[in-house]
Amino acid sequence: QVQLQESGPGLVKPSQTLSLTCTVSGGSITANSYYWSWIRQPPGKGLEWMGIMASDGRTVYSPSLKSRTSISRDTSKNQFTLQLTSVTPEDTAVYFCTRAYNWEYDYWGQGTQVTVSA
C-alpha cells in the first residue's frame, strides 16, 4: 500500500519561502510510470495543480506558478519537496502531495494546512 505524508511548517511569513516535504512509503519515487505531484486547495476554492515530477526527476510546473515553484527530490529518503518562493496570503491553502499513474491521481497525502501571515 502506497502512503504519502506531507510535512512542513504550518505558518509562513509573507515574502518567505514555503517548503514542504512528501515522504513516500510502499513505493519508490524512481519507479517507472509513476509521477509525483503537488496540488493545493485555497480556502473556499477548488484544487489547483502546482507541478509534477517524473520518475527520472524531470519536472513540469503550472504556468501561473512556474516562476516561484520548484520540485526536487531526495531518492535516498524516498522524498520529494515543494518550494514556493515569495509567498503572499493568497498562497494560504491545504497542500497535498499525490501520485499519478495512468493519468489518474491514485494516491494522496492527507494534506497539510499552510497559512501565510505576518
Side-chain angles (χ1 to χ4, degrees):
Q1 180 77 359
V2 176
Q3 292 184 319
L4 295 87
Q5 178 66 58
E6 305 91 349
S7 60
L11 180 65
V12 182
K13 288 181 167 46
S15 81
Q16 292 187 341
T17 296
L18 180 162
S19 183
L20 297 174
T21 296
C22 183
T23 301
V24 180
S25 59
S28 172
I29 63 172
T30 62
N32 289 337
S33 302
Y34 297 110
Y35 295 78
W36 307 91
S37 183
W38 287 95
I39 294 171
R40 69 181 182 179
Q41 185 168 29
K45 297 184 179 180
L47 296 172
E48 179 181 17
W49 182 84
M50 301 183 71
I52 198 164
M53 173 179 284
S55 57
D56 63 1
R58 290 174 299 150
T59 54
V60 177
Y61 301 111
S62 166
S64 65
L65 296 170
K66 184 176 182 179
S67 64
R68 299 194 294 128
T69 305
S70 176
I71 298 174
S72 59
R73 65 181 185 173
D74 185 337
T75 57
S76 68
K77 295 181 181 179
N78 214 36
Q79 296 175 333
F80 62 105
T81 299
L82 170 73
Q83 287 199 318
L84 183 66
T85 63
S86 304
V87 297
T88 72
E90 286 66 43
D91 293 309
T92 294
V94 178
Y95 286 75
F96 298 92
C97 59
T98 71
R99 189 185 83 168
Y101 176 67
N102 268 355
W103 305 105
E104 291 186 359
Y105 291 94
D106 57 353
Y107 287 98
W108 292 65
Q110 65 183 17
T112 187
Q113 172 70 46
V114 177
T115 300
V116 179
S117 175

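For reference, positions follow the sequence shown, starting with 1.
With hydrogens and angles ignored, the 3.5 Å screen pairs a side-chain donor or acceptor of Asp56 with a backbone N or O of Arg58. Gln83 places no side-chain N or O within donor-acceptor distance of the main-chain N or O of Ser19, the cut-off being under 3.5 Å. Gln3 places no side-chain N or O within donor-acceptor distance of the main-chain N or O of Ser25, the cut-off being under 3.5 Å. A distance-only check finds no donor-acceptor pair linking the side chain of Ser15 to the backbone of Ser86 [under 3.5 Å].
Placement of Leu11 and Val94 in two distinct hydrophobic clusters is found when ILVMFWY residues are connected by side-chain heavy-atom separations under 4.5 Å, directly or transitively.
Distance OG1/Thr23 to CD/Gln5: 7.5 Å, rounded to 0.5 Å. We find the CD-CD distance between Gln110 and Glu6 to be 6.5 Å, quoted to the nearest 0.5 Å.
Remark: of the listed residues Thr81, Thr30, Thr21, Thr30 is the sole one forming a side chain to side chain contact (heavy atoms under 4.5 Å, CB included) with Arg73.
Taking all atoms of both residues into account, the shortest heavy-atom contact from Ser55 to Ala31 is CB-O, 3.0 Å. The two residues Ser64 and Glu48 come nearest to each other via the heavy atoms OG-OE2, 3.9 Å. What you find for Gly51 and Ser37 is that their closest heavy atoms are O-OG, 2.7 Å. When all heavy atoms of Ala118 and Pro14 are compared, the pair lying nearest together is N-CD, 3.6 Å. Closest heavy-atom contact between Pro43 and Ala93: CD-CA, 4.4 Å.
Within 6.0 Å of the OH atom in Tyr105, the count of heavy atoms belonging to other residues, nucleotides or ligands exceeds 12.
Within the 4.5 Å cutoff, the side chain of Ser28 has heavy atoms near those of the Asn78 side chain. Taking 4.5 Å as the limit, every side-chain heavy atom of Thr112 sits out of range of all side-chain heavy atoms of Ser7.
By the 4.5 Å side-chain criterion applied to Ile, Leu, Val, Met, Phe, Trp and Tyr, Tyr34 is assigned to a cluster that also includes Val2, Leu4, Val12, Leu18, Leu20, Val24, Ile29, Trp36, Trp38, Met50, Met53, Tyr61, Leu65, Ile71, Phe80, Leu82, Leu84, Val87, Tyr95, Tyr101, Tyr107, Val114, Val116.
With sequence neighbours excluded, the residues that form a salt bridge (charged side-chain N to carboxylate O under 4.0 Å, His left out) with Arg68 are Asp91.
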